[in-house]
Protein chains: 2
Amino acid sequence: MASKKISILIADDHQIIVDGIRSLLEGEKNIIVAAEAGNGKEAIAVAEKNPVDIILMDVEMPLLNGCDATAIITARFPKIKVIALTTYDEKAIISKMLNAGASGYILKNINKKILLEAINTVSNGGTYFSSEIPIVLATKSAETTPVKHDSPLSFLSTREVEVLKHIGNGLSNSEIAEKLFLSPKTVETHRTNIMRKLNIHNVVGLVKYAIKSGLVD
Amino acid sequence: MASKKISILIADDHQIIVDGIRSLLEGEKNIIVAAEAGNGKEAIAVAEKNPVDIILMDVEMPLLNGCDATAIITARFPKIKVIALTTYDEKAIISKMLNAGASGYILKNINKKILLEAINTVSNGGTYFSSEIPIVLATKSAETTPVKHDSPLSFLSTREVEVLKHIGNGLSNSEIAEKLFLSPKTVETHRTNIMRKLNIHNVVGLVKYAIKSGLVD
DNA sequence: ATATAAATAAGGGAAATGCCTTAAAAGAGA
DNA sequence: TCTCTTTTAAGGCATTTCCCTTATTTATAT
């Protein structure tokens with residue numbers, strides 16, 4: 001397993017991120033950064049020519065975003081593993097990435113140890129998720145069957161997640177309403193439902209949940 | 001000029017950015033990354049102890065943002081040059097940074113060459129601005145208008161920290177009052193003062209501040 | 001000694017939250 | 001088809017936050 005080098009493609013539109021990751025991996029004997037790409041389209045093109053083992057894929061990229069690129073790549077090259085790489089983002093995107101076939105998800109503000117851990121885990125066929133990502137989401141990809149949630153932790157709908165994100169960003173109900181073109185009363189209903197579902201009874205709890213879920217910060 | 005090493009402090013809350021820049025500068029003989037800081041407050045503290053030549057200062061940071069930190073540092077340590085480092089190229093922020101006394105401004109997605117150019121230019125008393133930044137703004141800093149800051153920068157008292165901690169734990173004013181044997185009105189006053197001092201206007205901001213400060217969670 | 005800051009307390013009012021209710025339209029699934 | 005979920009919306013009401021003000025006491029610092 002450690003005999004062959006793990007070849008990696010870094011896809012990120014910020015050169016400094018690419019350079020940063022490259023330098024973090026420079027000393028590693030069993031890892032080689034084989035290629036770079038500045039957007040999703042380029043990532044696909046590079047992956048076609050260069051059969052890398054793992055792609056560190058930024059979610060937000062010009063031309064073609066990381067989600068769509070991941071979907072195309074995992075469909076066309078099942079052997080290539082994709083680790084999503086992003087700053088804090090919404091649950092919708094995380095699950096989108098996982099649904100697109102990503103094998104892992106790490107935040108950009110990671111250290112070398114975590115990065116290596118993620119690469120090695122995924123390289124060995126596993127999945128890796130940043131500790132910030134709630135396990136409930138991770139299980140979704142672990143099981144091939146879509147996880148139905150009859151658990152005490154019932155999940156939030158897309159809209160509710162959206163509202164929660166805005167709450168976590170400090171917006172009031174009326175501000176959220178304006179942003180989403182809704183009635184303030186509707187937003188209030190969503191807020192109430194979110195709290196009921198999560199068994200949270202004030203905005204402090206909501207903010208903390210939003211942060212823990214990677215929805216904000 | 002090239003005889004003495006240029007010592008640099010990197011202030012950014014994302015470790016990967018710090019590592020990335022550090023690695024970019026690693027090979028340079030006349031540059032040494034002398035220190036790191038994860039937020040504005042830390043940057044000031046580090047600058048006080050360690051008289052660096054240049055600070056690469058992220059704009060968006062917890063506890064104390066790059067603008068305010070720059071204002072304080074350039075006022076207190078006129079010899080230290082600050083280069084703003086950020087992803088945003090918003091006009092308002094740029095001029096704010098320049099008014100705060102920054103000597104340069106570069107975007108995060110730069111390459112090694114530009115970074116070195118910026119550092120050397122600023123080190124020689126010049127100013128450096130990413131080509132993306134319009135020159136009209138640059139001229140504004142050329143005038144050595146004394147930076148005045150009526151900065152909202154008084155920090156919290158012991159009691160205020162205590163109250164903030166309870167707020168971050170989800171307690172209401174009356175609950176905090178009960179716990180601290182105070183009148184709810186007193187707690188409210190503390191809350192108001194905390195918000196005024198930190199320029200925060202809702203509980204969401206308070207919770208985030210409390211978390212970032214390590215007060216809770 | 002005297003200004004400054006911290007800690008205490010309160011009045012008053014506008015805005016927002018928290019929690020209950022009902023309800024209609026749209027879509028998905030069994 | 002019937003049911004369940006989601007999304008939308010609203011009425012009403014108690015509580016809480018947010019922001020302004022003033023004020024006393026105590027400690028600290030110049």
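Keep in mind it's a predicted model, so treat the numbers as computed, not measured. Below, each value reflects all heavy atoms present in this structure, side chains not excepted, and no hydrogens, waters or symmetry copies.
- A 4.5 Å side-chain heavy-atom check between B/Val163 and B/Leu180 finds at least one atom pair inside the cut-off.
- In this structure, A/Glu160 does not pair ionically with A/Arg191, as no charged nitrogen and carboxylate oxygen lie closer than 4.0 Å.
- Contact of the A/Ile167 side chain with the A/Val203 side chain is registered, since non-hydrogen atoms from C-beta on lie closer than 4.5 Å.
- Counting to the nearest Å, the P atom of C/dC19 and the NZ atom of A/Lys197 are 16 Å from each other.
- By the 4.5 Å heavy-atom criterion applied to side chains, A/Leu56 and A/Ile21 are counted as neighbours.
- In this entry the distance linking CD1 of B/Ile194 with P of D/dC19 reads 13 Å, nearest Å.
- Across the protein-nucleic acid pair, B/Leu171 atom CG and C/dT17 atom C1' stand 17 Å apart, rounded to whole Å.
- Going from atom CD of A/Glu188 over to atom P of C/dT21 covers 15 Å, rounded to whole Å.
- By the 4.5 Å heavy-atom criterion applied to side chains, B/Leu206 and B/Leu164 are counted as neighbours.
- Straight-line distance from the NE2 atom of A/His201 to the P atom of C/dC19: 6 Å, rounded to whole Å.
- Rounding to whole angstrom units, CD1 of residue B/Ile200 and P of D/dC19 are separated by 11 Å.
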Collect all protein-nucleotide pairs involving nucleotides 8-10 of chain D in which both atoms are nitrogen or oxygen and the distance is under 3.5 Å.
unit_1	atom_1	unit_2	atom_2	d
D/dT8	OP1	A/Arg159	NE	3.1
D/dT8	OP1	A/Arg159	NH2	2.7
D/dT8	OP2	A/Arg159	NE	2.8
D/dT8	OP2	A/His190	NE2	3.1
D/dA9	OP2	A/Ser183	N	2.9
D/dA9	OP2	A/Thr186	OG1	3.0
D/dA9	O5'	A/Thr186	OG1	3.2
D/dA10	OP2	A/Ser183	OG	2.7

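- Ion pairing between B/Glu162 and B/Lys165 fails under the 4.0 Å rule for side-chain N and carboxylate O.
- Within the 4.5 Å cutoff, no side-chain heavy atoms of A/Pro184 are placed close to those of A/Val187.
- Rounded to whole angstrom, the span from the CD atom of B/Glu160 across to the P atom of C/dA5 amounts to 12 Å.
- Residues in residues 174-184 of chain B take part in no salt bridge (Lys or Arg N to Asp or Glu O under 4.0 Å) pair, two or more places apart or across chains.
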Next item on the list: List the steps and the verdict of side chain to side chain contact (heavy atoms under 4.5 Å, CB included) for B/Ile211 and A/Ile211.
Entry: CA-CA 10 Å; B/Ile211 291 171; A/Ile211 291 172; 3.6 Å; yes

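- Contact between the side-chain N/O atoms of B/Arg191 and the OP1/OP2 oxygens of D/dT17 is found at a separation under 4.0 Å.
- Shown for residues 172-179 of chain A: residues whose heavy atoms fall under 4.0 angstrom of DNA chain C, namely A/Ser172, A/Asn173.
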